[in-house]
Amino acid sequence: MTDLLASLNEAQREAVAATPGNQLILAGAGSGKTRVLVHRIAWLLQNTDITPHGIMAVTFTNKAAREMRERIEEVLGFPARGMWVGTFHGLAHRLLKAHFKDAKLPESFQILDSDDQLRLIKKLVKQLNIDDERFPAKDIQWWISAQKDEGLRAAHIEAYDPHTQAQLTVYSAYEEACLRGGFVDFGELLLRAHELLRDNQHLLEHYRQRFQYLLVDEFQDTNTIQYAWLRLLAGETGAVTAVGDDDQSIYGWRGAKIENIQQFEQEFSNVRRTKLEQNYRSTGSILTAANAVIENNTDRLGKELRTDSGPGEPLSLYTAFNEQDEAHFVVERIQQWVDNGHRRDSCAILYRSNAQSRVLEEALIRNGVPYRIYGGQRFYDRLEIKNALAYLRLIIGRNDDTALERVINVPTRGIGGKTVDIVRDFARDHGCSMWEAMQQVIQHKLLTARAGNALISFMHLIDQMDEATDDLTLAEMAEQVIEMSGLKDHHMKEKGEKAQARLENLSELVSAAKVYDYDDEEPTSPLRQFLDDAALDAGEQQADEHSDSVQLMTLHSAKGLEFPLVFMVGVEKNLFPHKMSFDEPGRLAEERRLCYVGITRAMEKLYICYAESRRLHGKESFNGPSNFIKEIPSEVIQEVRLRTEITRPTTVASGYASQEAANDLGLKIGQRVFHQKFGEGVLTGVEGSGGNARVQVNFDYEGSKWLVMQYANLRPMDEF
DNA sequence: ACAATATTATCAAGA
DNA sequence: ATAATATTGT
């Protein structure tokens, strides 16, 4: 019994063995938060009459949910059957599945991901004759999601200005379309789960009685509707344990309310508060930097990380010439690290926005360093995967217009925009699905024979696929569909590396289906479960999870992780803090918290990099170092000076010095050279030497440019 | 209807 | 720079 507590420090023990009741655990980065949560649950199970059945634990990601369940079972020594562990979205989905009737949903409702959502909204905007210049579908999508995050339906909103009115019109139409098609988007899952409990007293009573204990991780990132749902479920009897760190609240932009954790003690009765400030992750220097940065924020609950370990190595600051140089520097240091006997997966490169990953990837590939990217485009968001899934969705239900529109002509089969328009209009006018509309349209011969035949053969194809996949396993189904639909041939005919990757992704989908373990207790079919999970799962990546590779991710997706060696790159003005964060007052503080999250990921060594010049979105910019860098005390950070100074050319290098330098590279001034991108040109200057040599080339078509020799990959043109 | 080509929009984070 | 979209020729 007591050995549960033996490995914990004072504060942790206090949190784990607190008398049951409402609890707020303020857990600093690296303070063993998950450990406390796991032990708390185990302790409750061992020392009170609470059973796994009575516990619900909410995590931030599906991955975290899986890990938590595993760790609890490990500590307990037996499976914690009946315990609900998952994300808000996952749990809401489970609830809606179980009570689809009370939730007023069709039994097999379809989860709409943001891509599907956008397509649908675009369609509606067109149908409603709304000016898509003034009201871009993206903006409307964003607005609708924001309303849902606040728990607002179209009927709740009053529009006084034309702008809101337009958005509201779309929202209403969107709600209706979802209702008809049985679609549920991410926000809807939460909203409807809340309404389900609110409007069904018997269900609410049932679940209130069942879940005596509700534990929520990352509480600082809960939004209004999630909080409302939790509050409702807890009632006056359920005990809530909120675990989080106000300093790590970084999802305000998608509706998270930091107030939820700040006011927790006022909102719930008799809250026992524990602060976990002892850090077991990082060196003293890293913590000093983190504490110093976050101190610039106001309205904090107040918390200071401390450690018993020594200061360790100071942080390093590298000023790169440009983003290429930055990437090159990072790769070089990683190679050193690996040469010193470390694993590649012990280091991470963190950036503010996904667009930054490309240059880093290229540098890693060039140097043959294996890497793995987190987040970015989700696996299940890829075009070819979504197409394959759309076919699978049609097998389940012909009335899934979203899926139908997606693949009706992929690969091309003679059903063009005109034909689809006719079907779509018919469907809208008669309030039926497009599949039904197709049948009608064919019967009434509203089309040319050619188009009609194309439609008929498409419908046959789907029916045939349905039949052919009847008794197959999930993986066989996927394989069959990819084959029969012609997707495989379609991508095989494409050329280039991209097509190759697409084919690989499709076979990856089959493998994913192969290893997918569905819950056979559930009434829903394995295929249904698979599709739902695909929509809900962040695709926290299956393949090569265990292979030793460098980890690349955004600062956001780094939350909750730790690495001995961390690089924060692109720490520049306008990029981080991002320039979009300047208008709204709270946003800058959120950026700072993001910086705090980044710094505290590092265990042993942290590099901070920025580039003097950066090419992003096709434009060159000179941003200068981020203000966050200045907030780090100079005692704990050191500038990296490379052994060879780069003298930057202010004028055209003198002919003589240039020729000297050129000799070292085996080049000649005046020589013709070829460049992959810029074509042919004449070498007009050289400067520096070795790895830092830069050359000036006057290109025939592109004009004169300075290039870093190492990356330019110039090929001498033999004179002829 | 399709494929190839020209034009234009987008460019912060994610369940 | 790239991706989505519009236009044009077959």
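Here is how names work: the chains are called A, B, and so on, in the same order as the sequence lines, proteins then strands, and each is numbered from 1. Only this structure's heavy atoms are used, side chains among them; waters, hydrogens and symmetry mates stay out.
- In this entry the distance linking OH of A:Tyr374 with P of B:dA15 reads 13 Å, nearest Å.
- Taking the ring axis of A:Phe109 as reference, the NZ or CZ atom of A:Lys97 stays within 45° of it and closer than 6.0 Å to the ring centre.
- Helical stems in DNA chain C, defined as runs of 3 or more consecutive Watson-Crick or G-U wobble pairs with donor-acceptor distances under 3.5 Å: B:1-10 with C:1-10.
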Practice task
Quick one: do A:Tyr380 and A:Asp113 satisfy side-chain hydrogen bond (donor to acceptor under 3.5 Å, both in side chains)? Show the steps, please.
Solution key: CA-CA 10 Å; A:Tyr380 291 109; A:Asp113 65 28; over 6 Å; no
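- Near DNA chain B, defined here as any heavy-atom distance below 4.0 Å, the residues from residues 138-149 of chain A are A:Lys138, A:Trp142, listed numerically.
- For the pair A:Thr412 and B:dA1, the criterion of a side-chain N or O lying under 4.0 Å from OP1 or OP2 is not met.
- When heavy atoms are screened at a 4.0 angstrom cut-off, A:Arg615 is found touching the sugar-phosphate backbone but no base atom.
- For the pair A:Asp115 CG and B:dG14 C1', the computed distance is 14 Å after rounding to whole Å.
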Problem - Test log, rule salt bridge (charged side-chain N to carboxylate O under 4.0 Å, His left out), inputs A:Arg300 and A:Asp247 - result: CA-CA 7 Å; A:Arg300 300 172 54 217; A:Asp247 289 333; 2.8 Å; yes
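- There is no side-chain donor-acceptor pair under 3.5 Å between A:Gln248 and A:Tyr596.
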Exercise for the section: Determine, step by step, whether A:Glu590 and A:Arg593 satisfy the salt bridge (charged side-chain N to carboxylate O under 4.0 Å, His left out) criterion, reporting the C-alpha distance in whole Å, the side-chain angles of both residues, the deciding distance to 0.1 Å, and the verdict. Expected result: CA-CA 5 Å; A:Glu590 183 161 306; A:Arg593 292 195 290 269; 3.7 Å; yes
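- For the residue pair A:Gln117 / A:Ser114, no side-chain donor-acceptor distance below 3.5 Å is found, with atom types taken as modelled.
- The pair A:Glu620-A:Arg615 counts as a salt bridge, with a side-chain nitrogen and a carboxylate oxygen less than 4.0 angstrom apart.
- Only the P atoms considered, B:dA13 is 15 Å distant from C:dA4, to the nearest whole Å.
- Using a 4.0 Å heavy-atom criterion, one finds that A:Gln226 contacts no nucleic acid atom at all.
- Taking atom CD of residue A:Gln356 and atom C1' of nucleotide B:dA12, one finds them 10 Å apart after rounding to whole Å.
- Separating the CD1 atom of A:Ile111 from the C1' atom of B:dG14 is a distance of 15 Å, rounded to the nearest angstrom.
- Both geometric conditions, a ring-centre gap below 5.5 Å and a plane tilt below 30°, are fulfilled for A:Trp253 over the base of B:dA13.
- Two residues, A:His89 and A:Gly416, neighbour DNA chain B, and the one matched to the more 5' nucleotide by heavy-atom proximity is A:Gly416.
- Contact check on A:Lys257 versus A:Glu150 returns a salt bridge, with a Lys/Arg side-chain nitrogen under 4.0 Å from an Asp/Glu carboxylate oxygen.
- Under 3.5 Å, the side chains of A:Arg119 and A:Gln141 contain no donor-acceptor pair of N or O atoms.
- Residue A:Lys559 is classed as having no contact, given no heavy-atom separation below 4.0 Å to the nucleic acid.
- Remark: A:Asn409 is in phosphate contact with B:dC2, judged by side-chain N or O atoms under 4.0 Å from OP1 or OP2.
- Contact annotation: A:Thr419 side-chain N/O to B:dA1 OP1/OP2 distance is under 4.0 Å.
- For A:Asn354 and B:dC11, the shortest distance from a side-chain N or O to OP1 or OP2 is not below 4.0 Å.
- Remark: A:His578 is in phosphate contact with B:dA12, judged by side-chain N or O atoms under 4.0 Å from OP1 or OP2.
- Of the candidates B:dG14, B:dA15, B:dA12, the closest approach to any side-chain atom of A:Ser353 belongs to B:dA12.
- A:Arg413 comes within 4.0 angstrom of sugar-phosphate atoms only, judged by non-hydrogen atoms across all strands, and of no base.
- Shown here are the side-chain contact (heavy atoms from CB on, under 4.5 Å) partners of A:Asn409, two or more places apart in sequence or in another chain: A:Thr412, A:Arg413, A:Ile415.
- Here the P atom of nucleotide B:dA12 and the CG atom of A:Leu588 are 17 Å apart, to the nearest Å.
- Atom CZ of A:Phe60 is separated from atom P of B:dG14 by 10 Å (rounded to the nearest Å).
- Counting only residues at least two apart or on different chains, the salt bridge (charged side-chain N to carboxylate O under 4.0 Å, His left out) pairs with a member in residues 218-228 of chain A are A:Lys33-A:Glu218, A:Glu218-A:Lys559, A:Asp221-A:Lys559.
- The pair A:Arg94-A:Asp519 does not count as a salt bridge, with every side-chain nitrogen at least 4.0 angstrom from each carboxylate oxygen.
- Chain A approaches DNA chain C within less than 4.0 angstrom (heavy atoms of the protein), and the contacting nucleotides run 5' to 3' from C:dA1 to C:dT5.
- Per the geometry, NZ belonging to A:Lys579 stands 11 Å off P belonging to B:dC11, to the nearest Å.
- Rounded to an integer number of Å, the gap from CG of A:Asn453 to P of B:dA1 is 13 Å.
- Backbone-only engagement by A:Tyr251 is indicated by non-hydrogen atom pairs under 4.0 Å involving sugar-phosphate atoms exclusively.
- For residues 183-194 of chain A, the salt bridge (charged side-chain N to carboxylate O under 4.0 Å, His left out) pairs, not counting sequence neighbours, are A:Lys148-A:Asp185, A:Lys148-A:Glu188, A:Arg153-A:Glu188, A:Glu188-A:Arg192.
- Residue order along DNA chain B, read from the 5' end via each residue's closest nucleotide, puts A:Ala451 first among A:Ala451 and A:Met580.
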